[in-house]
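In what follows, chains are A, B, ... by sequence order, proteins preceding strands, each numbered from 1.
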2 protein chains.
Amino acid sequence: MSRFVTLKDVAERAGTTIGTVSYVLNDRKGRYISQELRAKVLAAAEELNYIKCNGASSLKGMDRRLIGILIPQYENQFFTRICVAAEEVFASHGYDLIICDTFDNPEREKGIIHRLLSQRVDGLIVTPSLKGSENTRIVRDVGLNMVVVDRPLEGFDGYYWVTADNYGCGYAGGMDLYRHGHRSLIYIGWASGISELESRERGFRDACSGCEVFTYNAGFSAKSGYETTMRAVKEHPEATAVFFGFNVQAQGGVNVFRDLGLRIGEDISVSLIGSPEWSYTGNNDFTHVHMGDYEIGKKAAGILFDLIRGKEVPSKRVIQECTLIGGTSVKNIGGIE
Amino acid sequence: MSRFVTLKDVAERAGTTIGTVSYVLNDRKGRYISQELRAKVLAAAEELNYIKCNGASSLKGMDRRLIGILIPQYENQFFTRICVAAEEVFASHGYDLIICDTFDNPEREKGIIHRLLSQRVDGLIVTPSLKGSENTRIVRDVGLNMVVVDRPLEGFDGYYWVTADNYGCGYAGGMDLYRHGHRSLIYIGWASGISELESRERGFRDACSGCEVFTYNAGFSAKSGYETTMRAVKEHPEATAVFFGFNVQAQGGVNVFRDLGLRIGEDISVSLIGSPEWSYTGNNDFTHVHMGDYEIGKKAAGILFDLIRGKEVPSKRVIQECTLIGGTSVKNIGGIE
DNA sequence: ACGGTATATGCAAACGTTTGCATACAGGAG
DNA sequence: CTCCTGTATGCAAACGTTTGCATATACCGT
């Protein structure tokens, strides 16, 4: 079907051999090449539109220039922002990203990892699927560089891991509500079974010690967030604030207030962990705890890149700091400030 | 760094030669292999965890098992759904997807295409960046299969192209508002300079002939959608309905009504083109024109797959039908039904 | 006994690269 | 006049596959 120009074609055109062409095009040192010949080679490559074949050069031990990324949910902006950050790090060095959605299905994840190994990717950035950590064993076995993001790799240790400060996020959110005088709170969370993620609730409760906290667990979707929030608010009308531990659930959950005719920041206070870009508005913003998704992606990609280049990477574990962003969705009802 | 098992390793273990191993593992016909030897090879491959190297086999003319996808905006769900659909088509055949965000920047796009050609992808699904059509010339020159999605490839013809029915989407949305009795309307659109996309407005206007239509153009973001809508609503309080030509703009724009205290479906009617999954709610849904994003992705990927397999693809141009999904955001103010 | 065919396996070339080694001709020092 | 060093280039092996060709044995019909 498609016909690509090879080194041989370029060599013929320039009246030399493929070896010389390779040296010129890769700008290798340790070999003398006359200005005249170099120019002829460059011109020939340009005229013929030569495009190097990564697959062939990787056979000789060169980088494949491919990075694999595994995320559990394509439509979750937390993960897409990580991908965007990784892309920025790698694209400038000529690497392409293969981004795969495991849909949190370990079987699927297993197949994906196998395919990526088949592609001989140079490295992997992985958010393990629920119950799927074991799938990454083969990655370690073949000695491929890998950086884990967000969730931990259960049953392994000594791996590189970049996460949000989950406990800190919960704590910051809880403390903010406490400071604004709220003492009766609803916490909407996700019973993922991953203790690292569930530590958001621990942080939240630690910050609001002495308060009434009604915890509800929703599924990992806007729809479930809506339904659960509806139930929670109806069962606990005394609560003055609702806190969402997960962005996706908040996205659905906030519509409950609209449907019930409750004014956010007035009749009910609301805040959440994550970045509510789904709610852009001129002057009526949600208080939220920013997890630093972009920075997480940047750091994970940076570590992976260093590993690929053979650089020493000192710390195995990186915890991204979080930031509380105050908005107008939390009302001060007699708190400290 | 990483060490992979090769055919040679498997052959040694099974006490045979690499040629035979290749035949067994690929299940090729046209060659006799005893059950005994076949079993031994299979066992050896299993024990050693052999993983084929796509790069090497593609040198011999096999498929690279890589597909490139170019989209202009990673965070736009219209495009991510297309990617998800394409993934479903290709993953089952062992292909990986390299999804690249051009950010609508032609320079960037040029680099991306060059990188993908370097990877020797088997085919390309492309939404050309604004003003970037010329970048795809090289794809045609090397004879690589390509399917264009959404926007046209300006200055080319004879290419495969799958789009939404942009005119029809606008028409359906306009007709729905007209039927509900609305005669004074705001249309929020995007002056992209791409006539195919701007035909949404033509369709809208054609459906509402005889009505007053106030057109405002916003940038391609939620923020710009918010600001433009705010201006439009303030300048034309007499309008009974607002129609958004683009999902992203609607996502920001609808918050205007909340901020102004206008009840959607009561004080103001609202509908849009796209899928407002950002607004999940139990019983208060937006009327919208569904473009069939998923189907577009499915069809584009299907065509590309057929092309790769050398199948004849009859029609160069596919237009996806749209569907009007009635919600509760449009009030009947004395229309026909 | 002989040719033919079905079964079973090995050998080696080729794909497009990279790179170590060999070759060749200068000019300068001894 | 030789030897060395610097400059300039070609040759061929290797990477991990795929596949056409060659080889070898067994069994059958004549």
Side-chain angles (χ1 to χ4, degrees), chain A residues 1-41 44-45 48-65 94 117-122 142, chain B residues 1-42 44-45 48-66 94 117-122 142:
Chain A
M1 185 83 235
S2 56
R3 161 77 187 144
F4 280 88
V5 174
T6 70
L7 281 187
K8 197 173 153 198
D9 299 323
V10 177
E12 267 168 26
R13 174 110 175 190
T16 180
T17 57
I18 54 171
T20 306
V21 175
S22 174
Y23 269 96
V24 172
L25 295 183
N26 291 312
D27 210 22
R28 285 272 181 290
K29 39 201 63 177
R31 176 183 261 250
Y32 301 102
I33 289 161
S34 66
Q35 283 310 311
E36 191 194 8
L37 183 55
R38 153 172 265 106
K40 248 201 291 188
V41 168
L48 295 175
N49 246 315
Y50 170 76
I51 297 178
K52 140 146 63 166
C53 173
N54 277 346
S57 64
S58 82
L59 271 187
K60 296 292 301 180
M62 308 280 98
D63 267 5
R64 191 65 203 47
R65 308 239 156 217
L117 291 177
S118 243
Q119 302 287 9
R120 296 291 192 271
V121 292
D122 301 308
V142 301
Chain B
M1 182 85 237
S2 55
R3 160 77 186 145
F4 280 88
V5 174
T6 70
L7 281 187
K8 196 172 154 199
D9 299 324
V10 177
E12 265 167 27
R13 173 109 175 191
T16 179
T17 56
I18 54 171
T20 305
V21 174
S22 173
Y23 269 97
V24 171
L25 294 183
N26 291 310
D27 209 23
R28 286 271 180 292
K29 38 202 62 177
R31 177 183 261 247
Y32 301 101
I33 288 161
S34 66
Q35 284 309 312
E36 193 193 7
L37 184 57
R38 153 170 266 107
K40 246 198 295 189
V41 169
L42 255 21
L48 295 175
N49 247 317
Y50 170 76
I51 296 178
K52 140 149 60 170
C53 172
N54 278 346
S57 65
S58 81
L59 271 188
K60 297 290 301 180
M62 308 281 97
D63 268 5
R64 192 63 260 291
R65 307 237 157 223
L66 271 179
L117 291 176
S118 242
Q119 301 289 7
R120 295 293 191 273
V121 292
D122 300 307
V142 301

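Contact of the D9(A) side chain with the R3(A) side chain is registered, since non-hydrogen atoms from C-beta on lie closer than 4.5 Å. Side-chain contact between R120(A) and S58(A) is absent, with no heavy atoms from C-beta onward closer than 4.5 Å. Between F4(B) and L117(A), the closest side-chain pair of non-hydrogen atoms falls below 4.5 Å. Looking at R38(A) and D27(A), their side chains come closer than 4.5 Å, going by heavy atoms from C-beta outward. Looking at L7(B) and Y50(B), their side chains come closer than 4.5 Å, going by heavy atoms from C-beta outward. Side-chain contact between L59(A) and L59(B): present, with at least one pair of heavy atoms (C-beta onward) separated by less than 4.5 Å.
In terms of heavy atoms, K52(A) sits closest to S57(A) at CD-OG, 4.1 Å. Shortest non-hydrogen contact noted between R64(A) and R64(B) is NH2-NH1, 2.5 Å. Nearest heavy-atom pair, A11(B) versus T17(B), reported as atom, atom and distance to 0.1 Å: CB-C, 3.5 Å. Residues A44(B) and R13(B) approach most closely at CB-CG, 3.5 Å, considering heavy atoms. Taking both residues in full, the closest heavy atoms of V10(A) and V41(A) are given as CG1-O, 4.1 Å, listed atom of the first, atom of the second, then distance. What you find for L48(A) and V5(A) is that their closest heavy atoms are O-CG2, 3.2 Å.
For the atom pair OG1 of T20(B) and CG of L37(B), the computed distance is 6.5 Å after rounding to the nearest 0.5 Å.
For DNA chain C, the residues of residues 54-63 of chain A within the heavy-atom distance limit of 4.0 Å (strictly under) are A56(A), S57(A), L59(A), K60(A), M62(A), sorted by number. Near DNA chain C, meaning a heavy atom under 4.0 Å away, there are no residues from residues 8-15 of chain A. For DNA chain C, the residues of residues 16-29 of chain A within the heavy-atom distance limit of 4.0 Å (strictly under) are I18(A), G19(A), S22(A), Y23(A), N26(A), R28(A), sorted by number.
The span of DNA chain C lying next to chain A, judged by atoms under 4.0 Å from heavy atoms, is bounded 5' to 3' by dG16(C) to dC21(C).
Under the rule for a salt bridge (charged side-chain N to carboxylate O under 4.0 Å, His left out), R31(B) has no partner lying at least two apart in sequence or in another chain.
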Below 3.5 Å between N/O atoms, which protein atoms pair up with nucleotides 4-8 of chain D? Just atom names and distances, please.
{"unit_1": "dT7(D)", "atom_1": "OP2", "unit_2": "Y32(A)", "atom_2": "OH", "d": "3.1"}

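Checked by atom type and distance alone, the side chain of S118(B) never pairs as donor or acceptor with a backbone atom of N54(A) at under 3.5 Å.
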